[in-house]
Amino acid sequence: MPDAPAEERYRTRRQRALERRIGRRARAVVFVTVSILAWLVATTMPRLQPSLPRDDSPATATADPLAHRDTIRVRDGVASVLVRAGLPPSDANAVLLASALRSRARRDIPVALYADSAGAQIREVEFQVADDRSIRVVRVGGSTWTASERRELWRTDTLSIRGPVRETLVESMRQAGRGMLGVRGRIEAAYAFADAFEYKIDVGRDLQPGDSVVAVVERRRTAFGAERVGPLLAGALFHDGQWMSAMRFSTSRGTSEYYDADGRPMRTTFLAAPVEFRRMSSGFGLRLHPILGILRRHAGIDFAAPHGTPVRAVGDGAVIKAGYSGGYGKMIEIRHLNGIVTRYGHLRGFASEVREGQVVRQGQVIGFVGSTGLSTGPHLHFETLVNGVSREPTRTLRDASGVTLRGPTLAAFAATRETLSARLGLAVPRAADAGSRPVEPGAPVTPAAAGAGVTK
């Protein structure tokens with residue numbers, strides 16, 4: 001019978017030897033893995049670029065004639081493109097080394113090569129590595145090249161773009177700004193215009209033939225041809241027989257917002273509508289009730305939308321009712337500031353966190369479109385009550401503004417308003433001058449009158 005303690009010592013030694021062997025293998029695996037990762041990092045990281053001397057000479061210093069112009073596409077070899085453009089391989093490699101660029105492009109790089117005459121030796125290569133920065137590589141000897149960095153100044157001017165509405169706002173801007181802004185710039189101008197008016201009108205759905213747009217935008221350009229569109233300085237929209245205007249103004253606190261002609265912020269307390277995908281199926285006022293069959297006042301507006309479409313709170317407020325309410329079916333009421341209450345009826349159900357007393361935020365989903373109560377199909381019944389009296393919702397939400405500019409700030413805004421009104425080409429009306437009736441400053445912009453102006 002073997003000695004038990006000796007056998008136990010033998011097993012312990014074997015276990016320790018096995019553990020040491022496993023440890024050595026694990027360290028070897030870690031070493032190999034780290035070595036491979038280090039090699040990959042060393043080969044893929046961009047090499048350190050030496051700082052190039054600055055060349056502050058103006059753009060006209062680049063001599064003509066242009067020998068060749070090309071674009072180095074992503075993953076193209078820089079030297080191979082230079083060879084294709086007419087440089088010998090030795091010169092192409094020398095230019096690449098002097099420029100400190102990567103051997104393969106990681107973004108599209110326009111490149112221009114210059115020579116004294118058509119058959120002369122190429123003496124300068126210029127890479128446009130950014131909208132406002134280029135690297136110039138100049139031949140200083142037979143095969144010696146030196147590089148310098150040149151930065152271009154952005155030149156700023158102001159454009160006035162005007163035209164009729166064509167299908168969509170983006171298409172309207174694309175047509176009206178043709179020849180003045182690139183495609184990207186015109187699309188950016190359309191988005192900026194939509195942002196300025198988003199609390200007054202849904203430009204994606206409510207624009208219609210006969211409407212017109214006017215936009216004053218800031219444009220920046222370089223001698224390279226790069227273009228950037230700055231903020232919308234002012235915009236005007238002819239819709240539903242009247243003009244609306246939005247003007248960018250910076251307060252003494254340094255904040256910039258859009259205001260209407262009376263100094264009221266365009267970013268109002270409420271959204272334009274509680275559902276995004278909808279059409280208005282029934283308006284405010286008298287109508288023949290679709291179920292009762294009698295002439296009856298409709299206290300709100302109905303938005304036809306697919307079953308289950310999210311319903312959003314149009315503004316910050318507190319839920320004062322969330323439950324079943326007769327013909328309204330499942331209904332939510334929210335109390336807002338200034339004595340305004342919004343009502344959402346015929347809901348399929350409520351969002352999980354919505355309950356009486358709950359504070360909700362503007363844009364928060366509070367329920368889902370349904371067909372509960374007296375309803376013939378899925379839709380949202382939406383009401384606005386001001387001090388307990390039903391009011392037309394679209395006008396109520398549009399007119400509910402934030403804090404109006406006052407005192408010295410309003411006086412400063414008045415000067416800005418006059419300048420921007422001139423650039424819009426419109427006599428922008430003010431409610432204080434016109435009472436309760438809107439004053440049309442002129443006929444809407446027609447296709448024949450569509451045009452644009454440039455101001456330095």
Side-chain angles (χ1 to χ4, degrees), residues 156-162 188-189 191-203 213-220 228-239 242-272 314-317 336-340 361-363 384 386-387 394-442 453 455-456:
T156 304
D157 58 9
T158 302
L159 299 178
S160 297
I161 304 172
R162 63 184 68 239
E188 290 178 354
Y191 289 162
F193 191 96
D195 289 343
F197 284 88
E198 67 174 336
Y199 285 80
K200 297 295 185 181
I201 186 173
D202 187 343
V203 296
V213 293
V214 186
V216 178
V217 297
E218 187 176 85
R219 176 183 63 178
R220 295 192 297 160
R228 292 179 183 175
V229 176
L232 178 81
L233 300 179
L237 172 64
F238 187 83
H239 173 73
Q242 62 181 358
W243 285 96
M244 290 187 288
S245 61
M247 303 181 188
R248 186 179 178 88
F249 177 69
S250 298
T251 65
S252 57
R253 297 181 179 180
T255 59
S256 296
E257 292 286 346
Y258 291 100
Y259 296 86
D260 66 11
D262 293 297
R264 295 178 300 189
M266 298 292 289
R267 188 180 295 275
T268 60
T269 311
F270 298 102
L271 298 175
V314 295
D316 297 348
H336 308 275
L337 297 176
N338 303 323
I340 296 177
R361 299 299 180 190
Q362 183 184 76
T384 55
V386 181
N387 297 323
T394 302
R395 186 180 300 275
T396 300
L397 298 183
R398 186 181 63 194
D399 294 342
S401 299
V403 179
T404 304
L405 298 177
R406 300 181 184 279
T409 306
L410 180 59
F413 170 74
T416 301
R417 179 184 60 212
E418 298 306 317
T419 301
L420 294 178
S421 297
R423 291 182 176 179
L424 286 171
L426 301 171
V428 178
R430 290 177 293 166
D433 298 332
S436 59
R437 297 181 58 189
V439 178
E440 294 187 17
T455 305
K456 296 294 184 184

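Closest heavy-atom contact between Arg248 and Thr416: O-CG2, 3.9 Å. What you find for Ala215 and Phe193 is that their closest heavy atoms are CB-CD1, 4.1 Å. When every heavy atom of Arg423 is checked against every heavy atom of Arg162, the shortest pair comes out as O-NH2, 4.0 Å. Taking all atoms of both residues into account, the shortest heavy-atom contact from Gln362 to Asp316 is N-OD1, 2.6 Å. Closest heavy-atom contact between Ala261 and Ser245: N-OG, 3.9 Å. Nearest heavy atoms, Val217 versus Ala189: CG1-CB, 4.2 Å.
Under the 3.5 Å distance criterion, the side-chain polar atoms of Asp260 are matched with a main-chain donor or acceptor of Asp262.
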- request: Could you check Tyr258 against Leu232 for side chain to side chain contact (heavy atoms under 4.5 Å, CB included), going step by step and ending with a plain yes or no?
  value: CA-CA 9 Å; Tyr258 291 100; Leu232 178 81; 3.5 Å; yes

- prompt: Between Phe249 and Leu420, does a side chain to side chain contact (heavy atoms under 4.5 Å, CB included) hold up when you go through it step by step?
  reply: CA-CA 10 Å; Phe249 177 69; Leu420 294 178; over 6 Å; no

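In this structure Arg220 satisfies the salt bridge (Lys or Arg N to Asp or Glu O under 4.0 Å) test with no other residue, sequence neighbours excluded. When the salt bridge (Lys or Arg N to Asp or Glu O under 4.0 Å) test is applied to Glu218, no partner is found at least two apart in sequence or on another chain. Residues satisfying the side-chain contact (heavy atoms from CB on, under 4.5 Å) test with Ala236, not counting sequence neighbours, are Val214, Trp243, Leu424, Leu426.
Rounding to the nearest 0.5 Å places OG1 of Thr156 at 11.0 Å from CZ of Arg228.
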